Amino acid sequence: MFIKSDCISIFWSSANQPFKDIFLVLISDRMVNQIVKAEALMNKVYEADVFVFLPMRRKWYGEPLLGWLQSRCMTTSKRVQDRSKRKRVHDLEIVTEKWKIVSKVMGVMEVLKQEVEMVIPVRNLEQYRTRINLPKPYKISEFLLKSPKLFELYKDQRGVLWCGMTKEAEDLLEEQERLVEEHSDKAAEYVTRCLMMSTDKQLRMDKIAHFRRDFGLPMDFRTKWVHKYPELFRVVKSGDGEDYLKLVSWKPAWAITELEKKILGATEISVHEPGLLSLPFLLKFPPNYKKLVYRYGGKIEHFQKRSYLSPYADARGLTAGSLEFDKRAVAIMHELLSFTIDKRLVTDHLTHFRREFVMPQKLMRLLLKHAGIFYVSERGKRFSVFLTEAYEGQELIEKGPLVVWKENF
């Protein structure tokens, strides 16, 4: 809305000071500028005098002064929490909360396992807070006391508090080691397929480490496990001294996506050079998404029919932001989530691979846009993304031995 300068001048000259104060708080930034110009024309105040009222605006709006001044040249955008607040899936939020606690407990057990006698002073666990993902001000000792069947706490003669594992916890760890060993060949296949999807057919070791638990890799995967499959991959040093895992041999039978296997069936697929695919993704919308599906049904159908480049094909020629580029990115995320044990990943882990897998910068926006394929949970500081087709309520449809072990754990 625009107001003529002469009208503002007449109004401003007749208004009393308290009314002027309230008026300056409530009006828009554009109108403030108009009042400044009007006052300057009338030679009653200088432009800088209007900034006397800015602290009042800050108090009313609850925002920093500098932020208010910069707001005129910045675009307004809602946070992820605000955009998807009305689209939460209660069952999957419960799953997130359950595994969030389990991952913390497993983090403590992994630290203990690396100790010589599997005991450690509780105060020494402070340096592992990030690894355990237990933020302050929570006390580690109080967290350990909540799992008396897994952890034992005792004081030595000097009064130092120590932590160890119970016999039951040690038995659980032995069972996990056995299951991880049985799963090793499948994990090697998934790591190899990640290398096959990458642009340079190699990935940094510290980035693969983010997927260790999700892929079912052993704790010693950096030092021992990576050398067990020399026919698939090998460790190489880069110019900057970083360790990379490099593909050794291309497996044509592994260049077939999990979506192809599920829709076409393993018997109908013949080994071929990866190229264009025209397969629709399996969609599963929550009940409260009916209005969304009805409103965007045409766009969803158009997206499903669009052809896209296989995740295993060379995508360096695609234009970022194009429709083909986005659909291929969805296919890559679908493939990565299919590799994981829980069909779930922390979104931070996906963002580490934007360049290697040729994915968009605004990855979260793409995940939220395709709500029938993915679901983003916002619990905690780190978001999690689910492959919706893999879940029925709170339960995974297909549970592997490691999933069963985690449920028992």
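The model shown is predicted, which means the values in this text are computed figures rather than measured ones.
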(Q) A side-chain contact here means heavy atoms from C-beta on lying under 4.5 Å apart; do L112 and V119 qualify? (A) no
Q. Any salt bridge between D342 and K406, counting N to O under 4.0 Å?
A. yes
(Q) I'd like to know if the side chain of E97 and the backbone of I94 have a donor-acceptor N/O pair within less than 3.5 Å. (A) no
Q. For Y128 and E110, does a side-chain donor sit closer than 3.5 Å to a side-chain acceptor?
A. no
Q: Check V358 against R328 and note the closest heavy-atom contact, atom names and distance.
A: O-NH1, 3.7 Å
**Q.** Flag, side chain of T166 to backbone of K149, donor-acceptor distance under 3.5 Å
**A.** yes
**Q.** Value rounded to 0.5 Å, distance of OG in S103 from CZ in R213
**A.** 6.0 Å
(Q) Can you tell me which residue among K284, K262, K343 is in a side chain to side chain donor-acceptor pair (under 3.5 Å) with E389? (A) K262
Q) Is the backbone N or O of L172 less than 3.5 Å from a side-chain atom of W405, with the two atoms forming a donor-acceptor pair by type? A) yes
Q) Using a distance-only test with no angle check, is there a side-chain donor-acceptor pair under 3.5 angstrom linking Y229 and S184? A) yes
Q. So L283 and H370, side-chain contact (heavy atoms from CB on, under 4.5 Å) or not? Walk me through it.
A. CA-CA 9 Å; L283 302 178; H370 298 284; over 6 Å; no
Q. So K228 and E181, salt bridge (Lys or Arg N to Asp or Glu O under 4.0 Å) or not? Walk me through it.
A. CA-CA 12 Å; K228 285 179 61 178; E181 181 63 30; 3.3 Å; yes
(Q) What verdict does the salt bridge (Lys or Arg N to Asp or Glu O under 4.0 Å) test give for R129 and E126, after you've listed the backbone C-alpha separation in whole Å, the side-chain angles of each residue and the deciding distance to 0.1 Å? (A) CA-CA 5 Å; R129 271 190 180 272; E126 286 290 335; 2.7 Å; yes
Q.
Under the criterion side-chain contact (heavy atoms from CB on, under 4.5 Å), I'd like the reasoning laid out for E356 against K207: C-alpha separation, chi angles, the key distance, then a yes or no.
A. CA-CA 11 Å; E356 289 85 348; K207 289 189 177 184; 2.7 Å; yes
Q. Mind checking whether F281 and Y308 have ring centres under 6.0 Å apart?
A. yes
**Q.** For K201 against M196, the heavy-atom pair lying closest together
**A.** CE-O, 3.4 Å
Q: Look up atom SG in C194 and atom CZ in F339, then write down how far apart they are to the nearest 0.5 Å.
A: 5.5 Å
**Q.** Nearest atoms (heavy-atom pairs only) where R193 meets I256
**A.** NH2-O, 2.9 Å
Q. Could you give the distance from OG (S147) to NZ (K104), rounded to the nearest 0.5 Å?
A. 12.0 Å
Q: Would you indicate whether the side-chain heavy atoms of F374 and L366 approach each other to under 4.5 Å?
A: no
Q.
Could you check whether W250 and F233 have their ring centres less than 6.0 Å apart?
A. no
Q. Which pair of heavy atoms, one from I332 and one from F357, lies closest together, and at what distance?
A. CD1-O, 3.1 Å
Q | Side-chain heavy atoms of L337 within contact of V385, under 4.5 Å | A | yes
Q. Shortest non-hydrogen contact from L396 to I341?
A. CD1-O, 3.8 Å
Q) How long is the span from the NZ atom in K113 to the CE atom in M106, to the nearest 0.5 Å? A) 9.5 Å
(Q) Determine whether a donor-acceptor pair (N or O, by modelled atom type, separation under 3.5 Å) exists between the side chain of K327 and the backbone of Q304. (A) yes
Q. Between SG of C163 and CD of E115, what distance do you get to the nearest 0.5 Å?
A. 10.5 Å
Q.
Less than 6.0 angstrom separating the ring centers of Y138 and F143, yes or no?
A. no
Q: Name the orientation class of the two ring planes belonging to F211 and F353 (parallel below 30°, tilted from 30 to 60°, perpendicular beyond 60°).
A: parallel
Q: Evaluate salt bridge (Lys or Arg N to Asp or Glu O under 4.0 Å) for E395 paired with K399, printing each intermediate quantity in order.
A: CA-CA 9 Å; E395 300 294 326; K399 297 181 181 180; 2.6 Å; yes
Q) Under 6.0 Å from the CZ atom of R234, do we count more than 12 heavy atoms belonging to anything else shown? A) no
Q. So with a 6.0 Å cut-off around CZ of R123, is the heavy-atom count from everything else above 12?
A. no
Q.
Pair E260, T257 - check side-chain hydrogen bond (donor to acceptor under 3.5 Å, both in side chains), show working.
A. CA-CA 5 Å; E260 289 178 86; T257 64; 3.1 Å; yes
Q.
I'd like to know whether K237 forms a salt bridge (Lys or Arg N to Asp or Glu O under 4.0 Å) with D243, so could you lay out the CA-CA distance, the side-chain angles of the two residues, the decisive distance to 0.1 Å, and finally the verdict.
A. CA-CA 5 Å; K237 284 274 187 186; D243 286 336; 3.1 Å; yes
**Q.** Salt bridge flag under 4.0 Å for residues K146 and E142
**A.** no
(Q) Is any side-chain heavy atom of Q361 closer than 4.5 Å to one of T351? (A) no
Q) Any donor and acceptor pair, going by atom type alone, linking the side chain of T388 with main-chain N or O of G372 inside 3.5 Å? A) yes
Q | Spacing of F409 atom CZ and Q176 atom CD [to the nearest 0.5 Å] | A | 8.0 Å
Q.
Is a donor from one side chain sitting under 3.5 angstrom from an acceptor on the other, for S384 and S377?
A. no
Q. L282 and I373: side-chain contact (heavy atoms from CB on, under 4.5 Å), yes or no, with the steps?
A. CA-CA 7 Å; L282 301 175; I373 305 170; over 6 Å; no
Q) Just wondering, more than 12 heavy atoms not from E231 lying within 6.0 Å of its CD? A) yes
Q) Around atom CD of E117, are there more than 12 heavy atoms of other residues, nucleotides or ligands at under 6.0 Å? A) no
Q: Walk me through it: do S338 and L387 pass the test side-chain contact (heavy atoms from CB on, under 4.5 Å)?
A: CA-CA 8 Å; S338 299; L387 189 62; 3.7 Å; yes
Q: Say whether, by atom type as modelled, one donor and one acceptor occur between the side chain of H349 and the main chain of H210 under 3.5 angstrom.
A: yes
Q: State whether the side chain of Y375 and the backbone N or O of V89 hold a donor-acceptor pair below 3.5 Å, judged by distance alone.
A: yes
Q) Should the heavy atoms of other residues, nucleotides or ligands under 6.0 Å from NZ of K362 be counted, would the total exceed 12? A) no
Q) Which pair of heavy atoms, one from K246 and one from D200, lies closest together, and at what distance? A) NZ-O, 4.3 Å
